[in-house]
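All values below were derived from every heavy atom in this structure, side-chain atoms included, with hydrogens, water molecules and symmetry-related copies excluded.
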Amino acid sequence: MGNPEPKPLKRFRRGLVWLRNDLRLNDNTALYRGAQSCRELAAVFIACPISWQEQDEGEPVVAFRLACLRELQQRLAERNIPLYFLEIARFQQVPRAMEEIVHKLEIEALFANSEYPYNEQRRDDAVRTALKNAGLQVEFCSDRTLLPPGAVKTGGGETYKVFTPFKRAFVARCGSDYFAPLPPPRKMETAAGWPRWIQLAEQHNLVRTIPGKLPGYELTPDRNGRLLGWMPGEKAGARHLRAFREKIGRYALERDFPAKDATSRLSPYLNCGAVSIRQCVQMAFAENGGGWSGGNQGAECWLGELLWREFYTHLIAAFPRLSMHKPFKPDTDRVPWKYDAQLFRSWCEGTTGVPIVDAAMRQLNETGWMHNRLRMVVASFLTKNLLIDWRWGERYFMQRLIDADLAANNGGWQWAASTGTDSVPYFRVFNPYSQSKRFDRHGEFIRRFVPELRHLSEKAIHCPPPLDGYPAPVCDVAQSRDQAIAAFAGLRNL
DNA sequence: AGAGTTTTGTA
DNA sequence: ACAAAACTC
């Protein structure tokens, strides 16, 4: 438990919270700190569609983010915190725009929660420098992870590169510390002093209303407010967390079966910040006797998964090359990756002729999400059986996932491609047919997403005979596996 | 959070 | 004859 908070000190007349992927009122460190230390508080969100596109963030993740922001705007307004929405093309233009904003709004202090990919860090460094030079107080908070990246180091002062020792050190460091969520910000006395909008130079309009879509992003919520079936917002995120709590006891046993819906499905909310990591840990601890282990098998297992997210976020902060399309192990760039556009397209569309792969890719395309077991299966298939550059797969996932997160996605892809730290050994190649029989025994999941195969028996569905209307496999799984192993083995120092 | 083959252990 | 363990890639 933390120490009792000192009485809030309202040092600043006007503060600004810069919202990014932390779109919630509750347990938002920067928002809480801002409300605590300022008499008046506003929030700003800066959409950077070109930079987002350049780093492969696709329509699903962007649309979901904006829909969560729209919900948050209402909740902020109820607390007399106006939200200013600004769209500018690129991160590089953010510092200039931010200088103007804080000047026009007479801001004395800026609060934001840290982001850790390289481009975001550089953007934030530039903003910090610009605003400090202008005499402002700038506070970047640790919020996205349980501990700030860099807080857990090996005995030799190194970043952990292997998950298991990282986890051991992390748990030892935290013991059964309770990562208590923060309360929502207090209601500010008034919002009357804030302008409704500001005109900036270079035709940047700051407005209080949020567009449903940005140029280039066509995805809009359906009649019920859902995006690809996902309800955006902090309330929906909290509902998901509560619903998962009901079944977390079965998580360890059932999570690997994609037909079962036994996973938390919280990733879209965690990624844009509609749910916080501390809220997740608080729930899991409550189900697990108040600590990391020893209580509920399912809760314990899920806490381990949350630590994978923690691990990959610490890694993305420590190694800029992970944000730059480079493998963690440089030698793996000498793997003779293929760049076959037609094969790649069959993988993207879910027409490889390997049912479990096709079902998984269609789940991604149709719902913006894919079960984690299947993420491993399709990534192994692309990078080992097809020997296509893992970066093509990584990019496609970023473009299609509603939970697209550079740290977790890059970590997962480099794990599957054997290019990462603590990745799967190159000779350990998934057989998609074995995986299919093991984890979708009755073909239930395949039938859900590959209607052409619905009529097949559970015997035939994993590896169907030649059929009208369904492609033959694009590769021989056994042969391509051997070729991939040979290609990796041909390199030294792996 | 591998898969395939061979060896060993038990009847 | 079969399963579990032990190798290999």
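In summary, the side chains of A/Q363 and A/R448 do not present any donor paired with an acceptor at a separation below 3.5 Å, with no hydrogens or angles considered.
Going from atom CG of A/D256 over to atom C1' of B/dG2 covers 13 Å, rounded to whole Å. What separates CD of A/Q479 from P of B/dA3 is a distance of 19 Å, to the nearest Å. Between the OH atom of A/Y433 and the C1' atom of B/dA3 there is a distance of 15 Å, given to the nearest Å. Rounded to whole Å, atom P of C/dC7 lies 20 Å from atom CD1 of A/I485. The nearest whole Å value for the distance from the CZ atom in A/F427 to the C1' atom in B/dG2 is 10 Å. Regarding A/R428, its CZ atom lies at a distance of 10 Å from the P atom of B/dA3, rounded to whole Å. Regarding A/K437, its NZ atom lies at a distance of 18 Å from the P atom of B/dG2, rounded to whole Å. Between the CD1 atom of A/I356 and the C1' atom of B/dG2 there is a distance of 16 Å, rounded to whole Å.
Looking at heavy-atom distances under 4.0 Å, A/D482 makes no contact with the nucleic acid at all. Among the atoms of the strands shown, base atoms are found under 4.0 Å from some heavy atom of A/R481. Counting any heavy atom pair closer than 4.0 Å across all strands shown, A/F163 reaches no nucleic acid atom.
A salt bridge is defined here as a Lys NZ or Arg NE, NH1 or NH2 lying under 4.0 Å from an Asp or Glu carboxylate O, and A/K338 with A/D340 fails to meet this definition.
Note that A/R278 lies outside the cation-pi zone of A/F179, set by a 6.0 Å cut-off to the ring centre and a 45° limit from the axis.
In this structure, A/Y269 and A/H240 have tilted ring planes: the angle between them lies in the 30° to 60° band.
A close approach under 4.0 Å does occur between a side-chain nitrogen or oxygen of A/R438 and OP1 or OP2 of B/dA3.
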